[in-house]
Amino acid sequence: AQSSISRAYDPSSEVEKRQIENFIAGAFVPAASGKRFEKRSPVDGRVIASIAEAGHAEVDAAVGAARAALNGEWGRLTTDQRVDLLHGVADEITRRFDDFVAAEMADTGQPRHVMTHAFIPRGAANFKVFADIIKNVPTEAFQMATPDGRGALNYAIRVPKGVIGVVCPWNAPFLLMTWKVGPALACGNTVVVKPSEETPNTAALLGEVMNTVGVPKGVYNVVHGFGPNSAGEFLTQHLGVDAITFTGETRTGAAIMKAASEGMRDVSFELGGKNAGLVFADCDFDAAVDGIFRSAFLNSGQVCLGTERVYVERPIFECFVSALKEKAEAVTFGRPDDPSADYGPLISHEHRQKVLSYYKKAVEEGATVVTGGGVPVMPEDLAEGAWVQPTIWTGLPETAWVVREEIFGPCCHIRPFDDEAEVITLANATEYGLSTTIWTTNLSRAHRVAARVDVGIAWVNSWFLRDLRTAFGGSKQSGIGREGGVHSLEFYTELRNVCVKL
Ligand SMILES: NC(=O)c1ccc[n+]([C@@H]2O[C@H](COP(=O)([O-])OP(=O)(O)OC[C@H]3O[C@@H](n4cnc5c(N)ncnc54)[C@H](O)[C@@H]3O)[C@@H](O)[C@H]2O)c1
Ligand SMILES: N/C(=C/C=C/C=O)C(=O)O
């Protein structure tokens, strides 16, 4: 039988729109103010959920519940006991995999294959990998000589940072939220999560999982709402929050950093990008076309690690543009659950307006529109969705808006280059530094170029291939800090050195 979640999002169902409440101290609670906001389906514009908008009272209660859990049962658990609970969370996410897929498809409108192959499996993985890391990573110790000859022993212990504020974006909601909550809880912290107003569902569903598994109440809390003058700002300004981890736009990061400076709270930021794809003439051509297609158009281009600037070595430029055009024009728009469809809408009409404004700007700046540039003709029942065409431009200078600004849609600009030094200069000419994808069969060149592109993550003959033990984060205006593997421990714990005179 369909679960309540998937029934709620089955377009044919008569189920009333879902009521989504805040999750505080293990209970689903509305806002005391009675304030609520609506979530519309990106696919057809239907109202599919009514969400409680947390005010100061709810944020205060959530931070208080997190503190109480730290000082209570959760804070007293051994590492092994915590690890067992987190593996239990991962197993319950896996057991309810279809519910998480249904919830995220409803929120984002993205096709089932994007959920089942790219995003939802990472939910369980993000808990498992950090549960195992915290259990197996040693800390340091030093023996030191002392004048009296008896020496001293120094050793480090890791202690949780405390209550962590987790502020999340809408593009891969469950993946990105659990990418923070997993290590935070593994390290013994408690969390208050503020999901994006566009994608509240999977964060609420994880609350059900926490209760089912028996994670102590108050360890995991969720407050819904917006940014400025709403739950996001109330959370980051709350001095009961010991550190803030944020994923979102660079300018939002700047606002949160200002809030974090009150009380000198640490921040971990994963921000915007304007990532370059570098395609050399000696690449595996078909693999490069597939790789750049995925990196430019997966999730309707709403991936921070995605490629919006493509540089192709001149000898293969024309045939590469043609091959990418062919793939972009072969997508089939439709509902997430429609097996004949493989392409979804943008997250909202507001975001579509932003993307279409860049489509218009590109033409004003003289771009050649190789394909796309507008809105696809959709059947009547989907006409109210936030659909846009995958778009490819050529012919613009590097100073053009669409070559410089993060658009966060299914679009990219392609230009030719003539040598390695030129393309590295082109790739680095941006204030961002998140990721790059390099396509070449020349091994020496692959290593040489990857080391010179100023980003946090460089993929060679691949894209979005993720080993969760590796350092993840952006350079320049794409982020502050690194998470992933042991690097997450540096943010989610404080290292305390103990020096013992022998
Ligand atoms: N570097 C990465 O790993 C990564 C991953 C995914 C997305 N992103 C970036 O996220 C952006 C898209 O996501 P988005 O549109 O949700 O970003 P956004 O910055 O608009 O919002 C992100 C979150 O911050 C909240 N928020 C907004 N203003 C706030 C404020 N003043 N105080 C506290 N919270 C506030 C929002 O409600 C939302 O929950 C893109 O720029 C993308 O590059 C980066
Ligand atoms: N932090 C990560 C980013 C994913 C971005 C997807 O849009 C990850 O893969 O861990």
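Count residues from 1 along the sequence. All ligand and atom numbering here is 1-based and tracks the order in the structure. The shown structure was predicted, so the numbers you read here are calculated from the model rather than taken from an experiment.
Look at Pro195 and you'll find a heavy atom under 4.0 Å from some atom of ligand 1. Residue contact annotation: Gly474 has no non-hydrogen atom under 4.0 Å from ligand 1.
Numbered from 1 in the order shown, with element, the atoms of ligand 1 that lie under 4.0 Å from a heavy atom of Leu434 read 1 (N). Here is the list of ligand 1 atoms found below 4.0 Å of a heavy atom in Pro228: 28 (N). Each of the atoms 37 (O) of ligand 1 lies under 4.0 Å from some heavy atom of Phe226. Residue Phe472 has at least one heavy-atom neighbour below 4.0 Å for each of these atoms of ligand 1: 3 (O). Less than 4.0 angstrom separates some heavy atom of Cys168 from each of these atoms of ligand 1: 22 (C), 23 (C), 38 (C), 39 (O).
Partner Pro169 forms a side chain to side chain contact (heavy atoms under 4.5 Å, CB included) with one of Thr199, Thr247, Ile347 and no other, that one being Thr247.
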What are the atom names and distances for all N or O pairs under 3.5 Å between ligand 2 and the protein?
from: ligand 2; atom 1: 1 (N); to: Trp179; atom 2: NE1; distance (Å): 3.4
from: ligand 2; atom 1: 1 (N); to: Glu270; atom 2: OE1; distance (Å): 3.2
from: ligand 2; atom 1: 7 (O); to: Asn171; atom 2: ND2; distance (Å): 2.7
from: ligand 2; atom 1: 9 (O); to: Arg122; atom 2: NH1; distance (Å): 3.0
from: ligand 2; atom 1: 9 (O); to: Arg466; atom 2: NE; distance (Å): 2.8
from: ligand 2; atom 1: 10 (O); to: Arg122; atom 2: NH2; distance (Å): 2.6
from: ligand 2; atom 1: 10 (O); to: Arg466; atom 2: NE; distance (Å): 3.4
from: ligand 2; atom 1: 10 (O); to: Arg466; atom 2: NH2; distance (Å): 2.8

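Summary of contacts: the protein heavy atom closest to atom 31 (N) of ligand 1 is Ala255 CB, 3.9 Å. The nearest heavy-atom contact from the protein to atom 16 (O) of ligand 1 is Trp170 CD1, 3.1 Å. Closest protein heavy atom to atom 12 (C) of ligand 1: Phe408 CE2, 3.7 Å. Protein heavy atom closest to atom 17 (O) of ligand 1, with residue, atom name and distance, is Glu249 N, 3.5 Å.
Contacts between Glu406 and ligand 1 below 4.0 angstrom, taking non-hydrogen atoms only, involve the side chain exclusively. For Glu198, no heavy-atom contact with ligand 1 is shorter than 4.0 Å. Contacts between Ile256 and ligand 1, counted as non-hydrogen atom pairs separated by less than 4.0 Å, involve the side chain only. Contacts of Asn171 with ligand 1, taken as heavy-atom pairs under 4.0 Å, involve the side chain alone.
For the residue pair Ala66 and Thr190, the shortest heavy atom distance occurs at O-OG1, 3.0 Å.
Under a cut-off of 6.0 angstrom, the local environment of CD in Glu262 is sparse, with at most 12 non-hydrogen atoms contributed by other residues, nucleotides or ligands. Residue Glu364 qualifies as enclosed at atom CD: its count of foreign heavy atoms under 6.0 Å is above 12.
If you take CD1 on Ile457 and CG on Leu465, they are separated by 12.5 Å, rounding to the nearest 0.5 Å. The distance from atom CZ of Arg158 to atom CG of Leu495, rounded to the nearest 0.5 Å, is 4.0 Å. Note that CE of Met105 and CG of Asn201 are 11.5 Å apart. Values are rounded to the nearest 0.5 Å. Interatomic distance, OG of Ser268 versus CD of Glu490, reported as 12.0 Å (0.5 Å rounding). The line from CD1 of Ile164 to CG of Leu235 is 11.0 Å long, rounded to the nearest 0.5 Å.
Some N or O of Lys194 is nearer than 3.5 Å to an N or O of ligand 1, by distance alone. At under 3.5 Å, not a single nitrogen or oxygen of Thr247, backbone or side chain, sits near a nitrogen or oxygen of ligand 1. For a threshold of 3.5 Å applied to N or O pairs, the pair formed by Leu271 and ligand 1 contains at least one separation below that value. Of the N or O atoms in Ser478, none lie within a sub-3.5 Å distance of an N or O in ligand 1.
Classified by interplanar angle (parallel below 30°, tilted 30° to 60°, perpendicular above 60°), the ring pair Trp170/Phe408 is perpendicular. Below 30°, between 30° and 60°, or above 60°: for Trp401 and Tyr358 the angle between ring planes is between 30° and 60°, a tilted geometry. Under the 30°/60° scheme for interplanar angles, the aromatic rings of Phe23 and Phe28 are found to be tilted.
Between Trp393 and Thr391, the side chains place no donor N or O within less than 3.5 Å of an acceptor N or O (distance only, hydrogens not considered).
Residues Leu382 and Phe333 fail the side-chain proximity criterion, which asks for heavy atoms closer than 4.5 Å. In this structure, the side chains of Phe97 and Val101 come closer than 4.5 Å at one or more pairs of heavy atoms.
For Trp463, there are no side-chain hydrogen bond (donor to acceptor under 3.5 Å, both in side chains) partners at least two apart in sequence or on another chain.
For atom 1 (N) of ligand 1, the protein comes within 4.0 Å by at least one heavy atom.
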